[in-house]
Amino acid sequence: MRYSKFLIPTLREDPAEAEVASHRLMLRAGMIRKLAAGIYSTLPLGERVIKKTAQIVREEMNRAGALEVTLPFVQPAELWQESGRWNVYGKEMLRLKDRNDREFCLGPTHEEVITNLVKGVISSYKQLPVNLYQIHTKFRDEIRPRFGVMRAREFIMKDAYSFDTDEEGAEKSYRHMYDAYCRIFERLGLKFRAVEADTGPIGGNFSHEFMVLADTGEDVIVACSNCDYAANMEKAEIKPPDDPEKNNIDLKKTERVETPNIKTVDEVTAFLRVSPSKLIKTLVFSCDDGHIVALVRGDHEINEVKLRNFIGCDNVLLADEDLVEELTHAPRGFAGPVGLKDVKIIADFGLKGGTNFVSGGNEKDIHIMNVNFDRDFSVTRFGDIRCAGDGDPCPRCGQVLETKRGIEVGHIFKLGTKYSRSMNATYLDPGGEPNHMVMGCYGIGIGRTAAAAIEQSHDENGIIFPESIAPFSVLVLPVDTTEKIQMEIAEKIYRELTAGGIDVLLDDRDERPGIKFKDADMIGVPLRLTVGRNAVKGNNVDIKSRKTGEIRQVPVEDAVSAVVESLGESS
RNA sequence: CGGGGCGUAGCGCAGUCUGGCAGCGCACCUGGUUUGGGACCAGGGGGUCGGAGGUUCAAAUCCUCUCGCCCCGACCA
C-alpha cells in the first residue's frame, strides 16, 4: 500500500475526549472516529487491525471445529418473549418498532436467535455436538460508554454457541473452547490470565473470563502468587481461617461512647484512636425474603456477589436509609450487631477469633467499645463474604493472593439447558426420546481486544503493535521522495516485499522526514525501513524495530531478506 | 439516574465574569526557500459561536428552556 493512496488522518494533538492510552492513540493514529457516544467509525488503518484480530479468532475457532454463521442483528420481540428475557433485559437492550408497529430489538447477544435456529435444523443426537459462531455487530445501550472502543455501545464480537446431548459433552465443548481461547490470546501476543468468574443468575458450574493484564483495566482480578488459582473480584474466595482457640481471658467490659456525627470507618478510627481492623462494619441488606445484616471488619470490603451466593438469594441490595433506621433505630453510620432482634446476622470469617471490637451503638451519635462475639451478640453464620485483597490466603494452596487489574476480552459460559428449555430446543436420543440440548456460549470482544493490545503495548510516541495484528508489517520510508535514487531503491524493496506476501506500507508522501518518522511511530508498524542518503552514498538502509528502538544498517541488496528474517523472529 | 465539567473552523484552545469587528496555534489551499525526528516566508479559504426562545439599539457573552459530549458514582448477559 502506498501512503499517498491510503487514508491515515493522524492527529498532532491529544483529543480532549480521550482519557486512556488506547482510546487516545486509536484516535491519534487515525484508526477510529467517533460518531456519537459509544459509536465509532473504523477507518482504513483501524479496519486492518480489526480484520487481522478477527482473522486469528476465526482461524482458531475453525480449527476447534466451530462453524461460522451470520445471525440477524435486528431481532423480533417474540423470540425474547419466548425465552422470557424481553422483560428481564433492561434498558441496555435498544428496542424499536417497524412500520407495522411490530417490536424488535438490536441484538445485544444471540442466544435466542441461535437456539431458535438450531431447534429448526437439528433433531437427532447424530447431528450433535455442534458449535456455531459469528463475528458480528452487537448493540448494548450501556449506561456509561467510555474509553473509546473499550466499552462502546456498538461493537464487534465473536460469539459462539455449543450444543451437546448431555452435561459431559457440554463440559468437553467448554474445555475445548477454553483451550482455543488460550491459543487465540497467545497468538495475539497478549499477556493474559483466565480467571474463574461468577456465573450470575445463569448458574452452572463454571465460567471463565479472559483478562488482558493492564493497569488501566476496569476489572480487578485476584491471583495466587504460588499456584494457578485466579478469579475475578466477584468470585475470588479466601481460605477460611483455622478455628481459633477459645479464650475469654481478656474480654473487656463494654463501654458506650459518644461519637457526635462520627460515622465512617475513617472518622471512627481517628476519633477513638483504634485501628480499622478493630472495627465491625455493620451493613444492612434487603434480599428476597426481607433483610439481613452482614458484618465485616473495618478494613475489609463486603462482596455482595459472594454474600448473595452464601445466603442463596437471587437479589441482595444495600438497604436504603429508611430500612436502616427502621431496623437499628439510628441514622446510617451507627448500626451495630448488639441488640439487633429478629434478623439474621452473617459475619465474615475474618472477624472470627477477634475480641474487643468497636461497633455502632444503634443509637444516634453512639458507638460501643469492647464488643465481643457470643457474650454481646450472636451470629447466625460465619462465612466468606468479603472481597479478597492483597495478602489474603489462597483458597487452594494457602499462599498469598495478589490483585491485578485487567481488561475482560473474553468470557466463556456453560449455559446448561436454560435456553433449550424455555425455547424447547430438543433432539431425539437413540431411544427416540426427546431431550433438551445442553448449551454453552463463548464471547470475545474484537475491538476491545485490539484496544487491550494497545493498552498493553505503547509508549509516548504511539502504538507498538504486536506483529500479529499490526496493520502493516513493514513501513518503507524514503526520506526524500524528490531524490530519484532513493525512490527507486524504496520502490524496488516495496515491490519485492509485497511480492513476498508481506503487508508493506510505502511512505511516498512528499513530507519532511520528521513528520514521516512521527507518523511511523504513532501508527505502530513493527519494522521501519528507512531509505535515505545512506542508501545512495553507502548502499545501506536502516531497519528499525518499533518495539526495541534498535536500528540495524543493512546493505540494500540484503534489505528484503533481513526484513523477512526479522518478522520471522518476532512471530 | 445523582454529582461535576464542557460545547466557539477538521484538531487543540482564548474570548463569556464586565454585552460593542469572531480570534490564536496546528491542520488545509497557492507560490517560494527547505528536507535523517512534527521547517520558514508570503498570500489564501474555512464559523448558523450546539439548538430554540427571551432581554437589549446591540448577544458567543445576560436570562429561560433544550440537545449533545466528557469525567466520577450507582448499574451491568
Side-chain angles (χ1 to χ4, degrees), chain A residues 7 9-20 23-24 27-28 30 33-40 80 83-86 88-93 105 107-112 114 138-148 151 153 157 159 161 197-204 207 209 218-219 232 234 304-305 315 317-318 320 408 411-415 418-419 439-443 445 460-462 477-483 486-487 507 509-522 528-538 540-542 544 549 551 553:
Chain A
L7 178 64
T10 55
L11 301 174
R12 187 183 286 247
E13 288 166 280
D14 280 337
E17 69 186 56
E19 290 283 316
V20 299
H23 186 197
R24 209 177 65 233
L27 285 166
R28 284 195 58 184
R33 281 289 164 93
K34 187 178 71 180
L35 181 64
I39 301 178
Y40 288 84
W80 290 76
S83 75
R85 285 210 288 181
W86 183 255
V88 177
Y89 222 111
K91 291 174 88 172
E92 204 174 309
M93 184 157 75
C105 67
T109 179
H110 283 73
E111 282 86 3
E112 279 77 2
I114 197 80
K138 297 265 184 284
F139 193 96
R140 294 179 191 174
D141 200 354
E142 293 277 351
I143 283 175
R144 185 144 91 83
R146 58 185 134 178
F147 305 148
R151 181 176 283 270
R153 292 193 293 175
M157 183 169 172
D159 49 324
Y161 305 88
D198 183 63
T199 49
I202 289 176
S207 170
E209 288 173 350
E218 285 189 273
D219 300 291
N232 69 10
E234 289 183 345
E304 291 187 28
V305 172
N315 294 295
L317 204 68
L318 196 60
D320 55 28
E408 181 190 345
H411 199 163
I412 59 179
F413 259 104
K414 234 188 76 183
L415 291 175
K418 179 180 162 82
Y419 297 96
M439 296 171 56
C441 83
Y442 318 93
E460 63 282 2
N461 293 315
L477 192 153
V479 173
D480 185 350
T481 53
T482 61
E483 286 278 335
Q486 278 185 31
M487 273 313 281
D507 194 348
R509 294 175 301 167
D510 181 18
E511 288 286 356
R512 299 178 61 79
I515 289 180
K516 293 165 72 155
F517 290 141
K518 287 287 182 191
D519 280 340
D521 287 346
M522 179 56 68
R528 188 185 83 195
L529 197 154
T530 310
V531 183
R533 49 176 176 248
N534 291 346
V536 179
K537 288 179 188 155
N540 277 328
V541 296
D542 295 346
K544 182 178 181 182
I551 300 175
Q553 293 219 327

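Atom CZ in A:Arg33 sits roughly 11 Å away from atom C1' in B:A27 (whole-Å rounding). In this structure, the NZ atom of A:Lys518 is 17 Å from the C1' atom of B:U35, given to the nearest Å. One atom, CZ of A:Phe139, and another, C1' of B:A77, lie 16 Å apart when rounded to the nearest Å. One can place CD of A:Glu142 at 11 Å from C1' of B:A77, the figure rounded to the nearest angstrom. Per the geometry, CG belonging to A:Leu11 stands 15 Å off C1' belonging to B:C13, to the nearest Å. Between A:Asn232 atom CG and B:C76 atom P there is a gap of 14 Å when expressed in whole angstrom units. Rounded to whole angstrom, the span from the CZ atom of A:Phe413 across to the P atom of B:C76 amounts to 14 Å. In this structure, A:Ile143 places its CD1 atom 15 Å from P of B:C71, rounding to the nearest Å.
Using P as the reference atom, B:G54 and B:G7 are 25 Å apart when rounded to the nearest Å. Going from the C1' atom of B:A77 to that of B:G73 covers 23 Å, rounded to whole Å. Rounded to the nearest Å, the gap between the P atom of B:G12 and that of B:C6 is 16 Å. Nucleotides B:G43 and B:C65, compared at atom P, are 48 Å apart to the nearest Å. Taking the P atom of each, B:C21 and B:A58 are spaced 15 Å apart, rounded to whole Å. B:A59 and B:C67 have their P atoms separated by 25 Å, given to the nearest Å. Comparing the P positions of B:G15 and B:G50 gives a spacing of 15 Å, expressed to the nearest Å. For the C1' atoms, the distance from B:A60 to B:C71 is 25 Å, rounded to whole Å.
Nearest approach of A:Tyr442 to A:Phe413, heavy atoms of both residues: CE2-O, 4.1 Å. The two atoms that bring A:Gly532 and A:Gln486 nearest to each other are C-NE2, 3.6 Å, heavy atoms only. Heavy-atom minimum distance, A:Met487 versus A:Thr481: CG-O, 3.2 Å.
A salt bridge links A:Arg28 with A:Asp14: the closest approach of a Lys/Arg side-chain nitrogen to an acidic carboxylate oxygen falls below 4.0 angstrom. Contact check on A:Glu111 versus A:Lys418 returns no salt bridge, with no Lys/Arg side-chain nitrogen under 4.0 Å from an Asp/Glu carboxylate oxygen.
In the set B:C13, B:U35, B:A74, B:C13 carries the atom at the smallest distance from any side-chain atom of A:Ala16. Listed nucleotides: B:C72, B:G37, B:G36. Nearest to the side chain of A:Arg146: B:C72. Side-chain proximity of A:Thr530 to the nucleotides B:A27, B:C11, B:G36 is greatest for B:G36. Of all nucleotides listed (B:C70, B:C71, B:U34), B:C70 comes nearest to the side chain of A:Glu17. Taking the side chain of A:Ile515 as heavy atoms from C-beta on, and the options B:A39, B:A77, B:C75, the nearest nucleotide is B:A39. Ranking B:G10, B:U35, B:G12 by closeness to the A:Glu13 side chain, first place goes to B:G12. Considering only side-chain atoms of A:Phe517, the nucleotide from B:C75, B:G36, B:A27 that sits closest is B:G36. Picking from B:C69, B:U35, B:C71 the nucleotide with the shortest atom distance to the side chain of A:Phe147 gives B:C71. Distances from the side chain of A:Lys34 to the nucleotides B:G36, B:C70, B:A27 place B:C70 closest. The nucleotide whose nearest atom lies closest to any side-chain atom of A:Arg512 is, among B:G38, B:G37, B:A39, B:A39.
Summarising the base pairing, B:C49 is matched to no nucleotide, lacking a Watson-Crick or G-U wobble pair whose two defining distances lie under 3.5 Å. Across all strands shown, B:C40 pairs with B:G32; the Watson-Crick or G-U wobble distances both stay below 3.5 Å. If you check B:A27 for Watson-Crick or wobble pairing at under 3.5 angstrom, you find it has no partner at all. Of all nucleotides present, none satisfies the Watson-Crick or G-U wobble test against B:C76 with each distance under 3.5 Å. Base pairing of B:G20 is made with B:C57, judged by Watson-Crick or G-U wobble geometry with both donor-acceptor distances under 3.5 Å.
Heavy-atom nearest nucleotides on RNA chain B were determined for A:Arg153 and for A:Thr482, and the one closer to the 5' end corresponds to A:Thr482. For A:Arg151 and A:Ala36, each mapped to the nucleotide of RNA chain B holding its nearest heavy atom, the one lying further toward the 5' end belongs to A:Ala36.
Counting heavy atoms from C-beta on, the side chains of A:Glu17 and A:His23 come closer than 4.5 Å. A 4.5 Å side-chain heavy-atom check between A:Pro108 and A:Trp80 finds at least one atom pair inside the cut-off.
Looking at A:Asp542, its side chain comes within 3.5 Å of the base of B:G36 through a donor and an acceptor atom. Between the side chain of A:Arg140 and the base of B:A77, at least one donor-acceptor pair of N or O atoms lies under 3.5 Å. Side-chain N/O atoms of A:Lys544 and base N/O atoms of B:G37 include a donor-acceptor pair closer than 3.5 Å. Checked by distance alone, A:Glu511 brings no side-chain donor or acceptor within 3.5 Å of a matching partner on the base of B:G38. Between the side chain of A:Arg144 and the base of B:G2, no donor-acceptor pair under 3.5 Å is found.
In this structure, A:Arg140 CZ and A:Arg151 CZ are separated by 10.0 Å, a value rounded to the nearest 0.5 Å.
Here A:Lys516 lies out of heavy-atom contact (under 4.0 Å) with every strand. Backbone-only contact: A:Glu92 has heavy atoms under 4.0 Å from sugar-phosphate atoms and none from a base. Backbone-only engagement by A:Glu19 is indicated by non-hydrogen atom pairs under 4.0 Å involving sugar-phosphate atoms exclusively. Counting any heavy atom pair closer than 4.0 Å across all strands shown, A:Met157 reaches a base atom. Using a 4.0 Å heavy-atom criterion, one finds that A:Asp14 contacts the sugar-phosphate atoms exclusively.
Look at A:Arg12 and you won't find any side-chain N or O under 4.0 angstrom from OP1 or OP2 of B:C11.
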